[in-house]
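Heads up, the thing below is written out as structure tokens.
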Protein chains: 2
Amino acid sequence: MLTERQIQVLQVIIDEFIQTAQPIGSRAIAKKEDIPYSPATIRNEMADLEESGFIEKTHTSSGRVPSEKGYRFYVDHLMSPFRLSNQDMTTIHQTFEREMLEFERVVQKSARVLSDLTNYTSIILGPQVFETTLKQIQIISLTDYTAVAILVTSTGHVEHRHFNVPSTMQSSDLEKLVNILNDRLVGVPIIKLQQKLYGEVAQMLKRYSSDFETTYSFLKDALLEQQPVKLYMDGKTNIMLQPEFHDIHKIQSLYTIMEKEDEMAHLLRTSGKGIKVSIGQENQLDAMQDCSLITATYSLGEEQLGTIALLGPTRMEYSRVVTLLNVLSKRLTNTFDSWH
Amino acid sequence: MLTERQIQVLQVIIDEFIQTAQPIGSRAIAKKEDIPYSPATIRNEMADLEESGFIEKTHTSSGRVPSEKGYRFYVDHLMSPFRLSNQDMTTIHQTFEREMLEFERVVQKSARVLSDLTNYTSIILGPQVFETTLKQIQIISLTDYTAVAILVTSTGHVEHRHFNVPSTMQSSDLEKLVNILNDRLVGVPIIKLQQKLYGEVAQMLKRYSSDFETTYSFLKDALLEQQPVKLYMDGKTNIMLQPEFHDIHKIQSLYTIMEKEDEMAHLLRTSGKGIKVSIGQENQLDAMQDCSLITATYSLGEEQLGTIALLGPTRMEYSRVVTLLNVLSKRLTNTFDSWH
DNA sequence: TTTAGCACTCAAGATATTAGAGTGCTAACA
DNA sequence: TGTTAGCACTCTAATATCTTGAGTGCTAAA
């Protein structure tokens, strides 16, 4: 186990390295106020810390750098709760203060504020609308053979899909159809739409429609098409500000992975409830082996809605970032609760 | 003026440099089939070409590199029409072939195909809907004090806005309001909405509504809010593949400018009709001084709808890119015409 | 247990060396 | 008069060499 003094040294190394991105030497540590020991003593402690894998050398005669195990220890045991500056707090509050109604805007602004305050890249996974219900369906025909279906959910989310209208259908048929659908489906949770459609509505339609098969299949197209979960990112260029990403190839592989929305979405979706920290190799994706990803979930009532995350170098301001994500995820949760 | 032989040399230099990104020496040029002269002769011609500013040296004893003036001459006079490979053509056709209804998808796919085929970054400015008319307005109330307005245009574009409902309004009032709006505004070109709203509809409302002022102001919010022109980009990482962009700082300033949607939109919007080529310093934006931007417009009928563009290094495959943009802008124009 | 002292290591910056690609110029040639 | 061979010259880029300074590990003394 680590002695009190070793922990103290480790803390200084990590804190310092997070600030400077430079290896820390024994002399520098000894100069710190809380450290009443000589460089030689520190060197002994550092040798021990290195042996147990909490710090590393970049070469034989360099100062020490935290290892991933070191960061992990820091995050799990050492991290002191961060006190956000007043300025940061007002920035956050202002984001939510202004009259804002649309879900997407709130999320977008949150992403912006996160990346602005941290200089890392923010990623927000839009809500998976489990609890939300269908508010209304509209079908508006555009030409003789095309129309657009508009779904509005109880949270005010609007989705629209274009589809081909079967040639056997008249516009009066469409109207009747919309009535049936609204009759049967309004108030139904979005995720149960499919089930309902296969069941009740299918029954209903069979009785009513002369051409059940086509009607039914186009309905499936319009209502059930896989709705992509939306991903909001901001501050992608921030990554390039970090000295550890001055290498084009690293940047490129990172950007390439970030462009793959489904992989990113999957990553955020499978992060557990609450705040999670993935350091370096702990990340699944190869391109992120030099990064840390901190995720936090926001929710509505009991239901987990989505995830907000920050992506930066393993040398991350963990305590500040965790605090920020905490504040923001709570703020988001509150906002959505207040709509309900 | 340039002699026939000088033009020949210039052509080789540009063609070669576009491929290799390396300065071209007299020996390399003399080896070309079409060139029956010795390196010494070529050197004389090169000296002349340099004097007139069409080519440059990177240092005293290096081969020559095209100058921006050289590229400009190439684009204006030398460029031979490019024959797209069958593979490229089928890739393009497949993009449009599949049953596709939604405007956004078509544009997105176009952006993807452009960046895939060129390894440059594609930028498409969504349509400015001059001619399109309002198809239908829906207002759906979400809570007692919020509602969402949905506008559908004749091209099938769907916009929605959230807004606060004045507390004096009942849901029955909303319904009546929607009826009035549809009555008066359906079929009106989108750009004339504002005018109509200020005129006729205002009259109508004054007569009908007890609380004209609030109703009117919330309508303005819902209908006239500046709708952002949408910008679709693809292949942003492609820029990093180019050897001239191995410098982080260039990349960063380029990415930063690309994130400013309004500036990019303005840039594309003010590009003239047809195909335009901006080489290096000809570009307005500082961050693009090492790039070339090729733009092409697509339209519906006489009305110019939007712009598609490719952003790459000044050392660009001009002739291929121009051909591609030509094909694609025509394809887009056709597609939209067929909807009309 | 702590510390001073010292030899040792390594990265990074400065400087020198070399090889090769390419030029410009001159003089000869067709 | 246009073309070319030849040669001295220039500059880059790669490689090797040297120097400095930060930092370590170990030992012996306090």
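Lettering of chains follows the sequences in order, A, B, ..., and the numbering in each one begins at 1.
In summary, the side chains of A:Thr256 and A:Ser253 do not present any donor paired with an acceptor at a separation below 3.5 Å, with no hydrogens or angles considered.
Below 30°, between 30° and 60°, or above 60°: for B:Tyr255 and A:Tyr255 the angle between ring planes is above 60°, a perpendicular geometry. Ring orientation note: the planes of B:His249 and A:His246 are nearly perpendicular, at an angle over 60° on the 30°/60° scale.
Minimum interatomic distance between A:Ala309 and A:Leu293 (heavy atoms only, all atoms of both residues): CB-CD1, 4.1 Å.
Atom CZ in A:Arg27 sits about 17 Å away from atom C1' in D:dG25, given to the nearest Å. Rounded to a whole Å, the CD atom of A:Glu56 is 16 Å from the C1' atom of D:dT24. Straight-line distance from the CD atom of A:Glu45 to the P atom of C:dT2: 8 Å, rounded to whole Å. As a whole-Å value, the separation of A:Leu49 CG from D:dG25 C1' is 16 Å. Protein atom CD1 of A:Ile55 is 13 Å distant from nucleotide atom C1' of D:dG23, rounded to whole Å. The CD-C1' distance, from B:Gln22 to D:dT12, rounds to 12 Å in whole Å. Distance CD1 (A:Ile42) to P (D:dT24): 10 Å, rounded to an integer number of Å. Rounded to whole Å, the distance from CD1 on B:Ile35 to P on D:dT3 is 13 Å.
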Start with the C-alpha gap between B:Ile29 and B:Glu45, add the side-chain angles, then the distance that decides, and say whether side chain to side chain contact (heavy atoms under 4.5 Å, CB included) holds. CA-CA 11 Å; B:Ile29 297 175; B:Glu45 299 294 17; over 6 Å; no
Given the rule in the side chain to side chain contact (heavy atoms under 4.5 Å, CB included) test, do B:Ile124 and B:Ser110 qualify, once you have shown the distances and angles that lead to the verdict? CA-CA 8 Å; B:Ile124 303 195; B:Ser110 303; 3.8 Å; yes
Using side chain to side chain contact (heavy atoms under 4.5 Å, CB included), reason through A:Asp290 and A:Glu244 one step at a time and then give a plain yes or no. CA-CA 9 Å; A:Asp290 293 321; A:Glu244 38 268 90; over 6 Å; no
Please evaluate residues A:Arg320 and A:Leu117 with respect to the criterion side chain to side chain contact (heavy atoms under 4.5 Å, CB included), reporting the C-alpha separation (whole Å), side-chain torsions for both, the decisive distance (0.1 Å), and the verdict. CA-CA 10 Å; A:Arg320 180 146 175 275; A:Leu117 287 182; 4.1 Å; yes
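No salt bridge links A:Glu259 with B:Lys236; every basic N to acidic carboxylate O contact stays at or beyond 4.0 Å.
Remark: A:Lys57 is in phosphate contact with D:dG25, judged by side-chain N or O atoms under 4.0 Å from OP1 or OP2.
Inter-residue side-chain proximity for A:Val9 and A:Tyr37 is flagged as unmet; no heavy-atom pair is nearer than 4.5 Å.
Using a 4.0 Å cutoff on non-hydrogen atoms, the parts of residues 5-20 of chain A near DNA chain C are A:Arg5, ordered by number.
Each of A:Arg43, A:Arg64, A:Lys69 was evaluated against A:Glu50; a single residue qualifies, A:Arg64, per the salt bridge (charged side-chain N to carboxylate O under 4.0 Å, His left out) test. Checked against B:Leu114 for a side chain to side chain contact (heavy atoms under 4.5 Å, CB included), the options B:Asp234, B:Ile92, B:Leu325 give a single hit: B:Leu325.
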Base versus backbone protein contacts along nucleotides 10-20 of chain C [heavy-atom cut-off under 4.0 Å; B, S, -]: BS---------
Going 5' to 3' along nucleotides 25-30 of chain C, which nucleotides have protein heavy atoms under 4.0 Å from the base (write B), which only from the sugar-phosphate (write S), and which from neither (write -)? B-----
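Nucleic acid contact class of B:Ser62 (heavy atoms, under 4.0 Å, all strands): sugar-phosphate only.
Each of B:Ser38 and A:Glu50 lies near DNA chain D, and the nucleotide nearest B:Ser38 is the one positioned closer to the 5' end.
When the nucleotides D:dT4, C:dT2, D:dT24 are ranked by their closest atom to the side chain of A:Ser26, D:dT24 comes out on top.
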